[in-house]
Amino acid sequence: MTAVPKTGASPLDPDDLIDWFTANARPLPWRAPGTTGWGVLVSETMLQQTPVKRVQPVWEEWMRRWPKPSDLAAATQGEVLRAWGKLGYPRRAVRLHETATVIATEHGDVVPSDVETLLSLPGVGEYTARAVAVFAYGKRAPVVDTNVRRVVARAVHGAGDAGPPSTKRDLADVAALLPEEDARAATMSAALMELGQVICTARSPLCQQCPVLADCAWNRAGRPAYAGPPKKVQKFAGTDRQVRGKLLDVLRNSPGPVTREQLDAVWSDAGQRDRCLDSLLVDGLVEQTDDGRFALPGEH
DNA sequence: CACGCGTGGCT
DNA sequence: TAGCCAAGCGT
């Protein structure tokens with residue numbers, strides 16, 4: 001082991017990150033020893049755009065209720081959507097249900113471990129496929145989420161924040177940082193994400209507590225402000241997304257099918273209401289009953 | 001590649 | 001207080 005001097009444009013030292021993570025990782029339930037590939041896949045899917053705090057209790061209930069992919073596959077879509085609750089983006093629940101069926105029927109009820117196969121599953125994209133391969137199976141692969149992109153933008157490139165995503169470049173950036181050995185690479189991937197979540201945060205980074213401060217290009221540059229193209233801010237109030245959420249909430253809060261009148265009550269703009277209800281039907285999040293009422297899929 | 005897709009907490 | 005932000009995916 002040769003000591004690498006922390007001067008100039010040195011890359012991040014895997015040991016600094018691994019040691020820090022080993023001592024400071026939050027004890028999240030899906031990180032517990034013995035968590036299956038299925039447990040990791042469910043957690044990663046729930047964590048897509050939803051904070052840890054809200055995911056944790058729902059994940060624990062899901063693991064108790066559906067410990068294997070075949071268990072979830074046997075549930076109705078309505079049951080799955082109810083159990084998804086208010087995590088948001090409920091199409092994720094529908095896709096996870098589909099994926100459970102594929103795993104149960106085509107992969108022996110075991111979550112695949114290679115990125116290519118994982119990528120073929122509904123709702124599993126570049127991030128989730130690698131997260132499962134790395135965190136569940138200890139493989140060496142770049143895992144790039146918004147946190148890692150921010151850490152790399154700062155520590156490696158000296159920028160205030162990540163610019164627009166570029167999958168190929170982002171993956172290459174992170175791959176170049178990983179140590180050779182699988183297990184150490186996997187731990188470093190987890191450490192990069194954790195660092196972005198708890199230290200190298202978007203708004204008020206805690207640089208004093210950062211394990212790689214000495215190697216950070218952004219710190220060396222005097223922590224300049226983000227200079228890239230302005231980030232798009234997503235509107236919510238008044239959008240179809242809000243209306244769809246309200247419609248689905250009526251269904252979740254009812255034990256069975258509801259009338260058109262009950263749905264009409266949640267939004268005054270009839271045109272937008274109808275468009276949203278139609279899109280929910282198209283997405284398979286709502287079904288119409290024979291008598292013209294509306295229900296969660298499989299619940300009539 | 002830009003956009004649509006939920007929800008709630010934080011500053 | 002009204003953005004801003006949060007372990008993305010599919011089209």
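All chains are named by letter (A, B, ...) in the order of the sequence lines, taking the proteins before the strands, and each is independently numbered beginning at 1.
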N/O to N/O distances under 3.5 Å, protein versus nucleotides 9-11 of chain C:
from   : atom 1 : to       : atom 2 : distance (Å)
C/dC9  : OP1    : A/Gly125 : N      : 2.9
C/dC9  : OP1    : A/Thr128 : N      : 3.0
C/dC9  : OP1    : A/Thr128 : OG1    : 2.6
C/dC9  : OP2    : A/Tyr127 : N      : 3.3
C/dG10 : OP1    : A/Gly123 : N      : 2.5

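As rounded to whole Å, 11 Å separates atom P of B/dG6 from atom CG of A/Leu81. For A/Gln234 and B/dG4, the CD to P distance is 8 Å, given to the nearest whole Å. Between the P atom of B/dG6 and the OH atom of A/Tyr89 lies a distance of 7 Å, rounded to the nearest Å. C/dA7 atom P lies 14 Å from atom CD1 of A/Ile199, rounded to whole Å. Between A/Glu194 atom CD and C/dA7 atom C1' the separation is 11 Å, expressed in whole Å. Here C/dA7 presents its C1' atom at 10 Å from CZ of A/Arg92, a figure rounded to the nearest Å. We find that CZ of A/Phe135 is positioned 12 Å from P of C/dA7, with the value rounded to whole Å. Straight-line distance from the CG atom of A/Leu41 to the P atom of C/dG8: 15 Å, rounded to whole Å.
Salt-bridge formation is detected for the pair A/Arg26/A/Glu194: a Lys NZ or Arg NE/NH1/NH2 atom is positioned less than 4.0 Å from an Asp or Glu carboxylate oxygen.
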When you look at A/Tyr127 and A/Gln48, which way does the side-chain hydrogen bond (donor to acceptor under 3.5 Å, both in side chains) test go after all the steps?
CA-CA 9 Å; A/Tyr127 164 76; A/Gln48 292 166 7; over 6 Å; no
Apply the test side-chain hydrogen bond (donor to acceptor under 3.5 Å, both in side chains) to residues A/Thr167 and A/Asp170: give CA-CA distance (whole Å), side-chain angles for both, the deciding distance (0.1 Å), then the verdict.
CA-CA 5 Å; A/Thr167 302; A/Asp170 294 341; 5.8 Å; no
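Heavy atoms of A/Trp84 sit nowhere under 4.0 angstrom from any nucleic acid atom. A/Arg203 comes within 4.0 angstrom of a nucleotide base, judged by non-hydrogen atoms across all strands. A/Arg150 comes within 4.0 angstrom of sugar-phosphate atoms only, judged by non-hydrogen atoms across all strands, and of no base. If you check every strand for non-hydrogen atoms under 4.0 Å, A/Arg252 touches sugar and phosphate atoms only. Within the 4.0 angstrom heavy-atom criterion, only backbone atoms of the sugar-phosphate kind lie near A/Ala202; the bases stay farther away. A/Thr201 comes within contact range of no nucleotide atom at all, as no heavy-atom separation falls under 4.0 Å. Contact annotation for A/Leu96: no contact, since no heavy-atom pair falls under 4.0 Å across all strands. Contacts of A/Pro164 with the nucleic acid, taken as non-hydrogen atoms under 4.0 Å apart, are absent. Residue A/Leu248 is classed as having no contact, given no heavy-atom separation below 4.0 Å to the nucleic acid. Counting any heavy atom pair closer than 4.0 Å across all strands shown, A/Lys232 reaches sugar-phosphate atoms only and no base atom.
As the counterpart of B/dC1, no nucleotide is assigned, since no Watson-Crick or G-U wobble pattern has both distances under 3.5 Å.
Annotation: C/dT1 and C/dC5 have their C1' atoms spaced 16 Å apart (nearest Å). B/dG8 and C/dG10 have their C1' atoms separated by 24 Å, given to the nearest Å. Nucleotides B/dC5 and C/dA7 place their P atoms 22 Å apart, quoted to the nearest Å. Using C1' as the reference atom, B/dG9 and C/dC9 are 24 Å apart when rounded to the nearest Å.
Listed for the A/Trp66 side chain is no donor-acceptor partner under 3.5 Å among the backbone atoms of A/Ser70. Put simply, the side chain of A/Thr187 never gets that close to the backbone of A/Arg184: no donor and acceptor are under 3.5 Å apart.
Looking at the side chain of A/Asp145, the nearest of the listed nucleotides C/dA7, C/dC4, B/dT7 is C/dA7.
Each of A/Asp240 and A/Ser166 has a nearest nucleotide on DNA chain B; the 5'-most of these lies closest to A/Ser166. Looking at which nucleotide of DNA chain C each of A/Arg31 and A/Val233 is closest to, the 5′-most match is held by A/Val233.
With hydrogens and angles left out, the side-chain atoms of A/Glu299 and A/Thr76 include no donor and acceptor closer than 3.5 Å. Looking at A/Thr22 and A/Asp19, their side chains never bring a donor and an acceptor atom within 3.5 Å of each other.
Looking at A/Val144 and A/Arg130, their side chains never come closer than 4.5 Å, going by heavy atoms from C-beta outward.
Under the 4.5 Å side-chain heavy-atom criterion for ILVMFWY residues, no single connected hydrophobic cluster contains both A/Leu81 and A/Val42.
For C/dA7, the base has a donor-acceptor partner in the side chain of A/Gln197 [N/O atoms by modelled type, under 3.5 angstrom]. Residue A/Thr50 places a side-chain atom within donor-acceptor reach of the base of B/dG6, judged by atom type and a 3.5 Å distance cut-off alone.
The shortest distance between the side-chain N/O atoms of A/Arg149 and the OP1/OP2 oxygens of C/dA6 is not below 4.0 Å. Phosphate contact (OP1/OP2 of B/dG8, side-chain N/O of A/Lys86, threshold under 4.0 Å): present.
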